[in-house]
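Down below is the structure, laid out as structure tokens.
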Number of protein chains: 2
Amino acid sequence: MKDLSRRQRAILQFIESFLDQNDYPPTIRDIQRDLDISSTSVVDYNLKVLENRNHIRRNRNISRGIELVGRVNHRNVIAIPVIGQIAAGLPIPVPGDLEQADSAETVEVGADFAPNAGRDLFALRVKGHSMIDALINDGDVVVLRQQVTCENGETVAVWLRDEKETTLKRFYLEGERVRLQPANMTMEPIFTPANNVEIQGRLVTVLRSVV
Amino acid sequence: MKDLSRRQRAILQFIESFLDQNDYPPTIRDIQRDLDISSTSVVDYNLKVLENRNHIRRNRNISRGIELVGRVNHRNVIAIPVIGQIAAGLPIPVPGDLEQADSAETVEVGADFAPNAGRDLFALRVKGHSMIDALINDGDVVVLRQQVTCENGETVAVWLRDEKETTLKRFYLEGERVRLQPANMTMEPIFTPANNVEIQGRLVTVLRSVV
DNA sequence: TATACGGAGGAACATTTGTTCGTGTCAAGC
DNA sequence: GCTTGACACGAACAAATGTTCCTCCGTATA
């Protein structure tokens, strides 16, 4: 892995920084110019080495056909629109016209953290400490999948009609009533009639940026 | 925003899906071919419209010089290597040679969630429920910044020498002793002599994928 | 009806960009 | 000294790709 010449390392590094600054890969001549290499063939030669060493992938006969192996590429990342806040006393904002929300803030998440991502994901910023029992803190961002039903055991955001309250709990339908179980195992569940529970979405991901 | 012709919308959509499948933007002729447009000038014309409408940005005279406005681009996302596990009874793995860890698993995080990102970030997968008091669950991924000192009030991963234990708490140096305060405000702090505390890193981000 | 204008078509043209070939240098190993 | 292999040069060539002109069509509007 380390058997690269100084020039090859420089090329690799240039490609990385180029990709950081542009949304397209560099051309051979971009590389040549930046590194003051006398000929494109030299660049080509070294790119071939890098390709064999599996540091890059090349699409022949395609301009800018250089891809970095093992790099963050958009494919692994999805952007989820943050459409509002979630708090104990407030109903959850309706995901409504997610598509048009061009200007909306987004959070980016690795695909691992948003399995089966589709257009039905949306994110909310948590206000207040009411969801401590779900191990969710003030300021966290929760990603939800929009759905109005759920399987037993799934963690969902529900609106409790009587209490006029939003909460995040594991959902278990037990006959006529529903058991809402906090993620924190040391805490007690809530029992409530099934028709008091309105499912707003299923919890997919929690993101916390510690200050 | 919606005043685009059918064709213009199709082009925009094609660029998006092309970018999903390749690491480089499409050429005008790629677009022409896919959408069965008779001439490159038509594509060019419509790209100009899209550019004026601020849906794309173009780098003239540069092949594949099309950038989508407001798209997930690598610049906003960083990959952080997951170098091991963190558990109450275990010391934290040493970040050691992060650079060489090419093959390591990574998590991708939006730049918002990893401020001042540098090479000094690493991630650990949480094992066990010992960090419930820090609102961190089994299976969560925590991102840490490698550092051996910290400011008062920062949340840090510390190794308690006597207890031979790792824990995540807010750190407060109070004279000769240290107060370690759980993130969950309802829980009690730990007090311990300053020289019993070994700071391993500062907590930056918590990621949770809910099953 | 005449005009203006958004859109589309075709084709030639100018650059940009990838590819290849012949040659040269230099250090390591025989 | 000779050979070999990694690395570098330059230049010419061939595609790939962006640009521009001129023309045409249909619809809305004066």
Side-chain angles (χ1 to χ4, degrees), chain A residues 1-69 71, chain B residues 1-69 71:
Chain A
M1 277 289 179
K2 269 298 187 184
D3 49 353
L4 295 178
S5 70
R6 175 192 322 283
R7 187 162 269 181
Q8 281 148 16
R9 250 192 304 277
I11 290 177
L12 204 51
Q13 199 175 313
F14 172 70
I15 297 174
E16 283 192 46
S17 70
F18 189 97
L19 241 20
D20 277 338
Q21 297 182 272
N22 304 281
D23 271 330
Y24 43 82
T27 64
I28 287 185
R29 283 180 176 80
D30 285 333
I31 299 172
Q32 181 197 8
R33 205 170 313 125
D34 186 90
L35 299 180
D36 266 319
I37 297 175
S38 58
S39 167
T40 58
S41 67
V42 177
V43 179
D44 183 62
Y45 167 81
N46 286 292
L47 286 179
K48 276 177 186 151
V49 175
L50 288 173
E51 190 180 17
N52 289 331
R53 298 272 205 289
N54 202 251
H55 284 99
I56 61 174
R57 208 174 310 113
R58 292 181 77 184
N59 300 271
R60 293 324 180 93
N61 296 322
I62 283 190
S63 78
R64 303 176 185 279
I66 301 175
E67 304 182 32
L68 273 179
V69 172
R71 185 144 213 284
Chain B
M1 275 292 179
K2 269 297 183 182
D3 49 352
L4 296 177
S5 71
R6 176 194 320 286
R7 188 162 267 180
Q8 282 149 15
R9 251 192 303 277
I11 290 178
L12 205 50
Q13 200 174 312
F14 171 70
I15 297 174
E16 283 192 44
S17 71
F18 189 98
L19 242 18
D20 277 337
Q21 296 181 274
N22 304 281
D23 271 330
Y24 43 83
T27 64
I28 287 185
R29 281 180 178 79
D30 285 333
I31 299 171
Q32 182 197 8
R33 205 173 309 124
D34 185 272
L35 299 181
D36 266 319
I37 297 176
S38 57
S39 168
T40 56
S41 67
V42 176
V43 179
D44 183 62
Y45 169 81
N46 286 292
L47 286 178
K48 277 177 185 151
V49 175
L50 289 173
E51 190 181 16
N52 289 330
R53 298 272 204 287
N54 203 250
H55 285 100
I56 62 172
R57 206 174 310 114
R58 292 183 76 185
N59 300 271
R60 295 324 180 91
N61 296 320
I62 283 191
S63 78
R64 302 176 187 280
I66 302 175
E67 305 181 32
L68 274 180
V69 172
R71 182 147 215 282

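Naming: A, B, ... by sequence-line order, numbering from 1 per chain. Hydrogens, waters and symmetry mates play no part in the numbers below; they use all other heavy atoms, side chains included.
Under the side chain to side chain donor-acceptor pair (under 3.5 Å) criterion, A:S39 pairs with A:S41, sequence neighbours left out. Every residue was checked against the ring pair (Phe, Tyr, Trp, His ring centres under 6.0 Å) condition with B:Y45, not counting sequence neighbours, and none meets it. Residues passing the side chain to side chain donor-acceptor pair (under 3.5 Å) test with A:T40: none are found, sequence neighbours excluded. Residues satisfying the salt bridge (Lys or Arg N to Asp or Glu O under 4.0 Å) test with B:R33, not counting sequence neighbours, are B:D30. Applying the side-chain contact (heavy atoms from CB on, under 4.5 Å) test to B:N59 and every residue at least two apart in sequence or in another chain returns A:Y24, B:I62, B:E67. With sequence neighbours left out, the side chain to side chain donor-acceptor pair (under 3.5 Å) criterion links A:Q8 to A:S5, A:N46. Scanning for side-chain contact (heavy atoms from CB on, under 4.5 Å) contacts around A:R58 gives A:I28, A:D44, A:L47, A:K48, A:E51, A:I56, A:R60, with sequence neighbours left out.
Computed from coordinates, the A:D30 CG to C:dT15 C1' distance equals 14 Å when rounded to whole Å. Look at CZ on B:R60: it is 15 Å from C1' on C:dA14, rounded to the nearest Å. Counting to the nearest Å, the P atom of C:dT20 and the CG atom of A:L47 are 13 Å from each other. Taking atom CD1 on A:I31 and atom P on C:dT16, their separation rounds to 17 Å, with Å as the unit. When rounded to the nearest whole Å, the span between CD1 of B:I28 and C1' of C:dA8 equals 15 Å. Per the geometry, NZ belonging to B:K48 stands 14 Å off P belonging to C:dG7, to the nearest Å. If you measure from atom CG of B:N61 to atom C1' of C:dA14, you get 10 Å, rounded to the nearest angstrom. Straight-line distance from the OH atom of B:Y24 to the P atom of C:dG18: 12 Å, rounded to whole Å.
You'll find the side chain of B:T27 stays beyond 4.5 Å of the side chain of B:S63, heavy atoms only.
When all heavy atoms of A:F14 and A:P26 are compared, the pair lying nearest together is CE2-CB, 4.0 Å.
Taking for each of A:I62 and B:N46 the nucleotide of DNA chain C with the nearest heavy atom, the 5'-most of the two is the partner of B:N46. Ranked by how close their nearest DNA chain C nucleotide is to the 5' end, B:Q8 and A:I66 are led by B:Q8.
Put simply, B:S63 has a side-chain N or O that comes within less than 4.0 Å of OP1 or OP2 on C:dT17.
Each of C:dT19, C:dG18, C:dG7 was ranked by its minimum atom distance to the side chain of A:R58; first place goes to C:dT19. Residue B:R7 places its side chain closer to C:dA8 than to any other of C:dA12, C:dA8, C:dG18.
For A:R29 and C:dG18, a side-chain-to-base donor-acceptor distance below 3.5 Å is present, hydrogens and geometry of angles not being considered.
For the segment residues 33-44 of chain B, residues with any heavy atom less than 4.0 angstrom from an atom of DNA chain C are, sorted by number, B:I37, B:S38, B:S39, B:T40, B:S41, B:V42.
The footprint of chain A on DNA chain D, defined by a heavy-atom cutoff below 4.0 Å, extends from D:dA6 to D:dT17.
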